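The next block holds one structure in the form of structure tokens; read it before the comments.
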Number of protein chains: 2
Amino acid sequence: MNDFDLGLFIKDHRKVAGLTQLELANLAGVGKTTVFDIEKNKETVRWNNLLAILKVLNIEVQFKSPIHK
Amino acid sequence: MNDFDLGLFIKDHRKVAGLTQLELANLAGVGKTTVFDIEKNKETVRWNNLLAILKVLNIEVQFKSPIHK
DNA sequence: CATATTTTACCGTTTTAGCAGTAAAAATAA
DNA sequence: TTATTTTTACTGCTAAAACGGTAAAATATG
């Protein structure tokens, strides 16, 4: 049950940071289209671009699995 | 301090699952090169391809930030 | 040891994400 | 309301990701 909305999550954080999509794009070093796509949950974006945006917004990524490693 | 090695993390889980890179690639619906690249921490891969591999290996992704959650 | 399997590496070809530009909705401010 | 900003949407072009094929290292197996 993966109802987590990453796009909305990112959008909310961008709003809290007081940034427009264009500003976030420039800070992350990506195009405005990429920010738009990510907030729309387009998953065929590049991992590095998503990472760049998450970094600007101070969002951490964690990977969990049953075999806790 | 981002010393987390996602490529190694994935490789270890693949090993535990008893899969070769090619088998994992087929299960995830991606090319063998993509699996290889991801295990080598190439970050210019597509988010959906990474997600597909994580899903096969039963690895969950979580996003954390100071605000919310 | 030998040899079978797996991983790493490189190479063309195809596919497509990323990009800037533009413009029209939608939201926000004045 | 009107004016301004922001978001959404679509465009063509270009760089490069994804891919399969191939082969050489590396690793595992008998």
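Owing to the predicted nature of the structure, the values given are computational and were not obtained by experimental measurement. All values below were derived from every heavy atom in this structure, side-chain atoms included, with hydrogens, water molecules and symmetry-related copies excluded. Sequence lines set the chain letters: A, B, ... in the order given, protein chains first and strands last, and positions in each chain run from 1.
Looking at the side chain of A/Q21, the nearest of the listed nucleotides C/dG18, D/dT7, C/dA9 is D/dT7. Closest approach to the B/F36 side chain among C/dA9, D/dT7, C/dT6 is made by C/dA9 (side chain taken as heavy atoms from C-beta onward).
For the OP1/OP2 pair of D/dC19 and a distance below 4.0 Å, the side-chain nitrogens and oxygens of B/T34 include at least one atom meeting the criterion. Regarding contacts with the backbone of C/dT6, every side-chain N or O of B/R14 stays at 4.0 angstrom or more from both OP1 and OP2. Phosphate proximity of C/dA17 to B/R46: present, with a side-chain N or O under 4.0 Å from OP1 or OP2. Distances shown here put a side-chain N or O of A/N49 below 4.0 Å from the OP1 or OP2 atom of C/dG18. The shortest distance between the side-chain N/O atoms of B/K42 and the OP1/OP2 oxygens of C/dA9 is not below 4.0 Å. Side-chain N/O atoms of B/T20 include none lying less than 4.0 angstrom from OP1 or OP2 on C/dT6.
Counting atom types as modelled, A/K32 pairs a side-chain N or O with a base atom of C/dG21 as donor and acceptor under 3.5 Å.
Under the 30°/60° scheme for interplanar angles, the aromatic rings of A/F63 and A/W47 are found to stand perpendicular.
Contact record, B/G7 with B/N41: N-OD1, 2.8 Å, taken as the closest heavy-atom pair. Minimum interatomic distance between B/E23 and B/G18 (heavy atoms only, all atoms of both residues): OE1-O, 3.8 Å.
Judged by closest nucleotide on DNA chain C, B/K15 is the one of B/T33 and B/K15 placed further toward the 5' end.
Judged purely by atom type and a 3.5 angstrom limit, A/R14 uses its side chain to pair as donor or acceptor with the backbone of A/L19.
When the C1' atom of C/dC11 is taken as reference, atom CG of B/D37 falls 14 Å away, rounded to whole Å.
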